[in-house]
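Read through the structure below, which is laid out as structure tokens, and then see the notes.
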2 protein chains.
Amino acid sequence: MYGDCMRDSGYTIQDMAERCGMTAHTLRYYERVGLIQPVSRARNGHRRYSEADAAWLHFLHCMRATNMPIRAMQRYAELRELGDSTSLDRRKILEDHRAAIASQIKELEQAHTLLTHKIANYKKIEQRIRIGGPVEEEIEEVACDLATAG
Amino acid sequence: MYGDCMRDSGYTIQDMAERCGMTAHTLRYYERVGLIQPVSRARNGHRRYSEADAAWLHFLHCMRATNMPIRAMQRYAELRELGDSTSLDRRKILEDHRAAIASQIKELEQAHTLLTHKIANYKKIEQRIRIGGPVEEEIEEVACDLATAG
DNA sequence: CCTTGACTTCGAGCACGCTCAAAGATGTAC
DNA sequence: GTACATCTTTGAGCGTGCTCGAAGTCAAGG
């Protein structure tokens, strides 16, 4: 396919997609919606991503992976383009998202605990089935009612 | 509105929605797609939810809140209807979801750390702005490149 | 009797975040 | 020069999970 002369320095969209755990489609989409500034091009018109692009895209990926809405990311990207004077607003956005992350972690941890209880309960039920004993849905009293609610 | 004779025992859909942090729309939707068995009715045809329904819906809510797909919840609900013989399959589903939760927590914690770094960095930048010093984007070397990538 | 309000069903619509298809350009290899 | 791969743009389409609107029922209150 492509030899050495069309490199024009930088990552191709495919390279970048692999590096950031996104698809090329997504990278173009992010550019379209303003999450990343127009990427520089090789002479043939193909995108060539820089290291700075890589870092920024990696950051975007982290934010999306933790459920920051595209809207918020757009707002952040916009402020970033405006320079240092927007530091406060940008920090606010990050602080809000950090809080959102904290509350997600809390919910996930609660569910994790619940599941651990329920899984233990299932193991007990399976044990009863194996030894042919009576299978009652609620074998033990667990901290949370939910462990035996299904 | 409703006096005493139409109670017919059980929570109304509104009560239930509030109790479980969902909307009445969502409760009907869950019933439609088989996440909950047809709910018993008052004589006027209105739904009346039992305590058992409440526990099950609360569980469903926990699973959805931690991003279990509706599909998986449907599968689980289906097995639940089939009784104890499906214990193993159900446990597998819960174990899979618990693993998914663990990996979400991991990702969220990483992002949380990253954000803490970035926020600290923004505070430094704001400090420089206040004292009128030179504002360089990267004031400190932080563990993660990303802390200064935007 | 008429209004009010909470419910019912049903199907359509929506927000989000991609994801893809079509048509075309360009560069490499044979 | 022909095949092939990789990219380009544009606009449309899709999967998920609700969310809503329309039209109707039913009981209570005035």
Side-chain angles (χ1 to χ4, degrees), chain A residues 1-36 38-49 53 57 60-77 97 100, chain B residues 1-36 38-49 53 57 60-77 97 100:
Chain A
M1 311 100 213
Y2 284 73
D4 278 28
C5 79
M6 276 315 296
R7 226 189 285 102
D8 275 17
S9 112
Y11 303 104
T12 67
I13 196 163
Q14 275 306 331
D15 291 347
M16 206 53 181
E18 278 155 38
R19 245 189 93 143
C20 298
M22 311 182 189
T23 67
H25 286 304
T26 301
L27 288 176
R28 289 191 205 98
Y29 168 71
Y30 277 15
E31 192 175 334
R32 246 197 304 184
V33 300
L35 285 178
I36 179 168
V39 173
S40 69
R41 305 293 180 125
R43 265 166 301 163
N44 61 2
H46 292 192
R47 287 171 182 80
R48 289 293 179 271
Y49 291 86
D53 292 331
L57 285 167
L60 290 178
H61 182 69
C62 282
M63 296 302 99
R64 267 307 295 144
T66 54
N67 304 307
M68 179 180 271
I70 294 279
R71 279 291 173 80
M73 289 165 57
Q74 283 171 323
R75 177 77 187 130
Y76 184 87
H97 186 54
Chain B
M1 311 97 213
Y2 284 74
D4 278 26
C5 79
M6 277 314 297
R7 226 191 285 101
D8 276 18
S9 113
Y11 303 105
T12 67
I13 196 165
Q14 275 305 331
D15 292 346
M16 206 54 182
E18 277 154 38
R19 246 189 96 141
C20 298
M22 312 182 188
T23 68
H25 285 305
T26 302
L27 288 176
R28 287 191 207 99
Y29 169 70
Y30 277 15
E31 194 174 333
R32 246 198 303 186
V33 300
L35 285 178
I36 179 168
V39 174
S40 70
R41 304 295 180 122
R43 265 166 300 161
N44 61 3
H46 292 192
R47 287 170 181 81
R48 291 291 178 272
Y49 292 87
D53 292 331
L57 285 167
L60 290 177
H61 182 68
C62 282
M63 296 303 98
R64 268 306 297 144
T66 54
N67 304 306
M68 180 181 272
I70 294 281
R71 279 292 173 79
M73 289 165 57
Q74 284 172 325
R75 177 78 186 129
Y76 185 86
H97 186 53

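Residue numbers start from 1 in every chain, and the chains themselves are labelled A, B, ... in the order their sequence lines are given, proteins ahead of strands.
With dT8(D), dG17(C), dC20(D) as the candidates, the nucleotide lying closest to the side chain of His25(B) is dC20(D). The listed nucleotides are dT9(D), dC18(D), dT19(C); the one nearest the side chain of Arg47(A) is dT9(D). Here the nucleotide nearest the side chain of Ile13(B), chosen from dC7(C), dG27(C), dT9(C), is dC7(C). Listed nucleotides: dC18(D), dC7(D), dT8(C). Nearest to the side chain of Ile70(B): dC18(D).
Note that CG of Leu57(B) and CD of Glu31(B) are 9.5 Å apart. Values are rounded to the nearest 0.5 Å. In this structure, SG in Cys62(A) is found 9.0 Å from NE2 in His97(A), a value given to the nearest 0.5 Å. Atoms CG and CZ, from Asp15(B) and Arg47(B) in turn, are 14.0 Å apart once rounded to the nearest 0.5 Å.
Between the OH atom of Tyr30(A) and the C1' atom of dT19(C) there is a distance of 13 Å, given to the nearest Å. At whole-Å resolution of the value, NE2 in His46(A) and C1' in dC7(D) are 3 Å apart. When the P atom of dT6(D) is taken as reference, atom CG of Leu27(A) falls 16 Å away, rounded to whole Å. Between the CE atom of Met22(A) and the P atom of dC18(C) there is a distance of 8 Å, rounded to whole Å. Following rounding to the nearest Å, Gln14(A) (CD) and dG27(C) (C1') show an atom-to-atom distance of 17 Å. For the pair Glu31(A) CD and dT9(D) P, the interatomic distance rounds to 7 Å; values are reported in whole Å. Computed from coordinates, the Asn67(A) CG to dC18(C) C1' distance equals 15 Å when rounded to whole Å. Separating the CD atom of Gln74(B) from the P atom of dC18(D) is a distance of 11 Å, rounded to the nearest angstrom.
Note on Arg28(B): a base of the nucleic acid sits closer than 4.0 angstrom, heavy atoms only. Among the atoms of the strands shown, only primed sugar atoms or phosphate atoms (P, OP1, OP2) are found under 4.0 Å from some heavy atom of Arg64(B).
Tyr30(A) has its side chain within reach of Met22(A): a pair of non-hydrogen atoms, C-beta onward, lies under 4.5 Å apart. A 4.5 Å side-chain heavy-atom check between Thr12(B) and Arg48(B) finds at least one atom pair inside the cut-off.
Heavy-atom distances to DNA chain D give each of Arg71(B) and Arg32(B) a nearest nucleotide, and the one nearer the 5′ end belongs to Arg71(B).
Phosphate contact (OP1/OP2 of dA6(C), side-chain N/O of Thr12(B), threshold under 4.0 Å): absent. Remark: Arg41(A) is in phosphate contact with dT9(D), judged by side-chain N or O atoms under 4.0 Å from OP1 or OP2.
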